[in-house]
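Okay, so here's the structure we're looking at.
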Amino acid sequence: LPKMIDFIRSKLGKEVKLLWNMTWAFEDTATYADFGKYDFDQMKMYDAIVSTTQTALANSQVKKYVKGVIPTGTAVQNLRTSYWFDGITRDGSNLSYMGKILSAMMLLRSVVDVDINALTFESYEELAFAKPDLAVLKEAVNNAYAKPDEVTQSAYPRT
């Protein structure tokens with residue numbers, strides 16, 4: 001990782017600020033062989049992702065240049081405590097369209113500090129399908145931003 005950081009800085013300049021994009025755990029129903037490494041347990045995989053992120057960022061050479069975390073994995077896990085449950089991926093691993101919107105909102109919040117509470121999607125016809133879920137998406141992102149290493153229970157629970 002330090003070699004990769006050095007390479008990026010050599011191409012983009014020494015002033016570049018790097019952020020770590022935390023990945024997400026597989027859905028509970030995923031059947032990928034690699035999911036077996038976590039006993040097919042989503043929370044076990046999520047906890048391993050958080051631990052790996054913390055360990056990587058504790059490395060002095062990494063810590064010097066990586067200025068923060070984009071807690072996409074936590075936003076996904078937060079959304080899973082809502083009525084969305086495990087429907088945020090299209091195949092157990094890769095994000096669905098709604099998952100991609102969630103991830104984009106997390107990037108906006110983390111990288112450029114956009115107030116996602118102001119997002120409405122009113123002028124984006126192609127995002128109209130997401131409007132009914134906008135409140136729960138915002139909640140998942142805002143909670144992940146506030147607590148990037150822990151899952152927050154949604155106010156929009158499963159029924």
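One is the number of the first residue; the rest follow in order along the sequence.
Residue pairs meeting the side chain to side chain donor-acceptor pair (under 3.5 Å) criterion with at least one member in residues 64-75, sequence neighbours excluded: R9-Y65, N21-T72, Y46-T74.
Looking at heavy atoms from C-beta onward, N117 lies in side-chain contact with N142 at the 4.5 angstrom threshold. Contact of the E139 side chain with the S154 side chain is registered, since non-hydrogen atoms from C-beta on lie closer than 4.5 Å. Counting only heavy atoms from C-beta outward, the side chains of L134 and M105 approach each other to under 4.5 Å. Side chains of T152 and T81 form no contact here, defined as non-hydrogen atoms less than 4.5 Å apart. Annotation: side chain of R90 is not in contact with side chain of Y97 (no heavy-atom distance under 4.5 Å).
Note that the CH2 atom of W20 and the CD atom of Q54 stand 11.5 Å from one another [nearest 0.5 Å]. Taken to the nearest 0.5 Å, the OG atom of S103 stands 11.5 Å off from the CG atom of L137. Rounded to the nearest 0.5 angstrom, M45 CE and Y38 OH are separated by 5.0 Å. Distance check, rounded to the nearest 0.5 Å: CD1 of I5 to OG of S10 gives 12.0 Å.
R109 forms a cation-pi arrangement with Y145, by the criterion of a distance under 6.0 Å to the ring centre and an angle within 45° of the ring axis.
Judged purely by atom type and a 3.5 angstrom limit, W84 has no side-chain atom pairing as donor or acceptor with the backbone of R158.
Residues passing the salt bridge (charged side-chain N to carboxylate O under 4.0 Å, His left out) test with K100, sequence neighbours excluded: none. For F26, the ring pair (Phe, Tyr, Trp, His ring centres under 6.0 Å) criterion is met by Y32, F35, not counting sequence neighbours.
Among all heavy-atom pairs drawn from V151 and N78, the shortest one is CA-OD1, 3.4 Å.
Comment: D34 engages K37 in a salt bridge, judged by a side-chain N to carboxylate O separation of less than 4.0 angstrom.
By the neighbour-count criterion of 12 heavy atoms within 6.0 Å, atom CD of E126 is densely surrounded, having more than that number from other residues, nucleotides or ligands.
Y83 and D133 form a side-chain donor-acceptor contact under 3.5 Å, judged by distance and modelled atom types alone.
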